[in-house]
Trainee: 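This is the structure, below, for whatever I ask next.
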Protein chains: 2
Amino acid sequence: MSYDDVETPAVLIDLDIAEKNVQVFQEYCDSHALLLRPHIKTHKLPFLAEYQIAQGAIGITCQKVSEAEAMVAAGDMRDILISYNILGKERVERLRQLSQKVTISVTADNTFVVQGLSAGFKDNNKPLPVLVECNTGADRCGVATPEEAATLAEIIAKSSGLEFAGLMTYPPVGGANTTHEWLSLAKTLIEQKGLEVKVISSGGSPDMWLAHEMPLATEYRIGTYIYNDRSLVMRGTCEFTDCALTVLATVVSVPNKNRAVIDAGSKVLTSDLLGLKGHGYVLDRPDLTIDQLSEEHGRIVGNGEINLSVGEKIQIVPNHACVVSNMLDEVNLKRGTKIEGTCLVTARGKVW
Amino acid sequence: MSYDDVETPAVLIDLDIAEKNVQVFQEYCDSHALLLRPHIKTHKLPFLAEYQIAQGAIGITCQKVSEAEAMVAAGDMRDILISYNILGKERVERLRQLSQKVTISVTADNTFVVQGLSAGFKDNNKPLPVLVECNTGADRCGVATPEEAATLAEIIAKSSGLEFAGLMTYPPVGGANTTHEWLSLAKTLIEQKGLEVKVISSGGSPDMWLAHEMPLATEYRIGTYIYNDRSLVMRGTCEFTDCALTVLATVVSVPNKNRAVIDAGSKVLTSDLLGLKGHGYVLDRPDLTIDQLSEEHGRIVGNGEINLSVGEKIQIVPNHACVVSNMLDEVNLKRGTKIEGTCLVTARGKVW
């Protein structure tokens with residue numbers, strides 16, 4: 001099959017590029033004695049998670065219980081960290097059932113979550129490892145100070161059914177130094193309480209090549225690196241030739257010589273900008289800008305004449321690969337320009 | 001069932017509000033002798049399309065063939081306009097098959113599309129009605145001038161298997177006057193060629209209450225009005241109490257007194273801003289702003305103390321209802337605060 005046979009809009013995954021991306025970053029982690037725990041949010045595909053593990057990853061990261069369930073049902077995920085505050089009696093029970101099938105750990109940043117986890121695991125056959133999520137500057141979740149981290153670590157350690165497992169952070173971009181200081185102090189304070197900090201989990205794609213600058217971290221969580229995207233190219237993390245996920249679209253209208261419309265809109269490319277202008281990069285056409293999206297239309301304008309014809313197919317590197325993976329039920333797998341087949345996106349839409 | 005029983009994040013559809021929205025705008029259209037053809041992109045639910053038709057709509061609007069297929073497979077849609085340039089031999093054949101089951105018409109803005117439609121319908125048992133899409137200022141698709149509209153109308157009329165049916169536009173917001181002038185001239189030019197302009201189809205939710213200011217239009221296409229959303233409230237088209245679609249989310253973290261994090265991120269709310277600041281309106285809490293989304297996290301900041309607790313549920317009116325309908329496989333149907341059940345989103349993810 002060639003691109004001509006693909007019904008557009010379509011998401012294409014180049015397996016040669018994805019495999020190379022996995023290998024190269026695994027080698028980097030190996031050379032720095034850093035364990036790698038890829039986040040499956042980027043691909044949501046069990047076979048790619050298994051590939052990451054086969055190359056040396058210690059397991060995977062998921063964000064929600066339902067995501068982990070979908071991955072475990074379809075493949076051997078070995079060891080899963082769910083890096084999220086898990087709430088609700090029923091959901092904690094599903095987590096407990098999952099813990100019978102696979103090694104699993106979670107994070108928490110507050111006592112309400114810890115109490116819920118403890119209630120669900122107090123009669124379990126093994127304790128649930130819980131990491132304290134730390135806010136080292138990204139200002140999303142996470143305890144606010146190293147002192148609070150130590151307090152919560154102690155609460156976890158004393159909660160029946162739970163085991164304190166370490167620290168987790170999603171550091172701010174460019175924040176290796178402050179994150180290192182923060183976590184060092186937290187580690188010291190926790191050890192002073194007689195607790196061991198087995199795991200220090202850091203992550204993030206933008207700073208992936210600087211992961212070794214925080215030697216305190218024992219493992220690194222990273223998602224986008226397998227596909228890469230326009231946002232990472234713009235940050236200098238990779239090149240367009242390293243982008244494994246592209247959107248294939250067809251030009252449906254060329255209303256005038258400076259404008260064209262494609263059949264991929266926000267239902268495929270999404271409105272994620274990640275600080276960029278425009279909604280993706282048209283391969284081999286740096287003169288073009290996707291300046292506007294509606295649900296089923298992408299509008300393209302050019303520096304000069306647009307030089308596109310109705311019926312022509314174009315390939316787009318989206319701003320943000322992970323969210324594009326979440327839009328369609330299936331993706332097309334390719335190597336070079338040869339389409340090898342389609343694949344259901346197993347963990348698509350799993351937000352619970 | 002109450003909100004307590006709903007696993008979050010979840011999309012809630014208030015049927016009382018949705019039904020009232022449908023009724024009120026149907027009455028408006030009836031009072032102005034304007035035919036109503038709702039766009040199903042907002043709800044993607046056959047039972048709501050059937051409700052719209054039962055209240056007086058003449059049929060529905062879809063944007064893609066697969067969307068129309070999904071709707072026809074699940075309900076009586078009566079008469080469908082696919083307001084899109086349909087390309088590709090296989091897709092045109094699927095359109096032809098659909099035309100055997102339901103009254104169907106399409107739009108085109110270029111000869112390449114017209115030729116493809118003609119090739120697919122030349123041996124069909126009945127001609128395909130084709131409307132010329134006109135660019136009256138929104139600068140997306142559409143022929144550029146009334147003269148071009150007349151030329152394309154004549155080409156359609158002369159194409160075997162096709163029948164010229166009229167004009168279609170998605171007018172710019174606030175553009176009733178210029179749109180009226182544009183279409184008047186196109187109509188005159190086309191009639192001078194001896195062709196009848198049976199249908200003039202206009203649309204758009206922002207200007208819905210001004211639809212009567214363009215008496216030339218025979219029918220009105222509109223999607224969002226059934227659910228409404230924050231963007232329409234901000235434009236003054238409706239009130240928050242008219243918003244039928246909300247997102248139910250749980251507070252998972254309150255890291256400090258000025259910040260909270262909910263379990264709904266861009267995988268539910270999407271990054272659509274539609275010119276607004278923030279990612280939705282928290283019902284009954286005008287002091288809060290959802291200032292940042294990642295895939296599974298929504299960050300909330302407040303004017304003063306956030307006054308939210310971990311585990312608490314909040315209800316959000318999203319910026320853009322249509323795209324939220326496309327994110328999850330099912331929605332929860334409610335009346336008031338009583339959850340009546342869940343419903344699969346039949347036409348979700350249909351982009352082909």
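Fair warning: this is a prediction, and the values are worked out from it, not measured in the lab. Here is the naming used below: chain letters follow the sequence lines, and residue numbers restart at 1 for every chain.
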Trainee: Spell out, as yes or no, whether a donor-acceptor pair under 3.5 Å connects the side chain of A:N135 to the backbone of A:A144.
Mentor: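 Side chain of A:N135 to backbone of A:A144: no pair is present.
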Trainee: Between B:V251 and chain A, with a heavy-atom cut-off of 4.5 Å, which part of the residue counts as in contact: side chain, backbone, both or neither?
Mentor: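 Just the backbone, heavy atoms under 4.5 Å.
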Trainee: Select one option (side chain, backbone, both, neither) describing which atoms of A:V268 are under 4.5 Å from chain B's heavy atoms.
Mentor: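 Only the side chain of A:V268 comes within 4.5 Å of chain B.
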Trainee: Check the pair B:V11, B:T246 against side-chain contact (heavy atoms from CB on, under 4.5 Å), reporting the backbone distance first and the verdict last.
Mentor: CA-CA 6 Å; B:V11 175; B:T246 52; over 6 Å; no
Trainee: Could you tell me if B:T61 and B:S83 have a donor-acceptor pair between their side chains, going purely by distance under 3.5 Å?
Mentor: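 No, B:T61 and B:S83 have no side-chain donor paired with an acceptor closer than 3.5 Å.
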Trainee: When you check the side-chain N and O atoms of B:S271 and A:S271, is any donor under 3.5 Å from an acceptor?
Mentor: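 There is no such pair between these side chains.
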Trainee: When only pairs under 4.5 Å are counted, which of B:E148, B:H320, B:M327 shares the most heavy-atom pairs with chain A?
Mentor: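 Between B:E148, B:H320, B:M327, the count favours B:M327.
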Trainee: Describe, in one word, how the ring planes of A:Y227 and A:H43 are oriented to each other, choosing from parallel (under 30°), tilted (30 to 60°) and perpendicular (over 60°).
Mentor: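 Perpendicular.
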Trainee: Under 4.5 Å heavy-atom distance to chain B, tell me which part of A:V310 shows up: side chain, backbone, both or neither.
Mentor: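 The answer is both parts of A:V310.
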Trainee: With a 4.5 angstrom heavy-atom cut-off, which part of A:D263 approaches chain B: side chain, backbone, both or neither?
Mentor: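 Interface part for A:D263: both.
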Trainee: With a 4.5 angstrom heavy-atom cut-off, which part of A:K64 approaches chain B: side chain, backbone, both or neither?
Mentor: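 Just its side chain gets close to chain B.
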Trainee: Quick check on A:E67 against chain B: is it the side chain, the backbone, both or neither that has a heavy atom closer than 4.5 Å?
Mentor: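 The answer is the side chain of A:E67.
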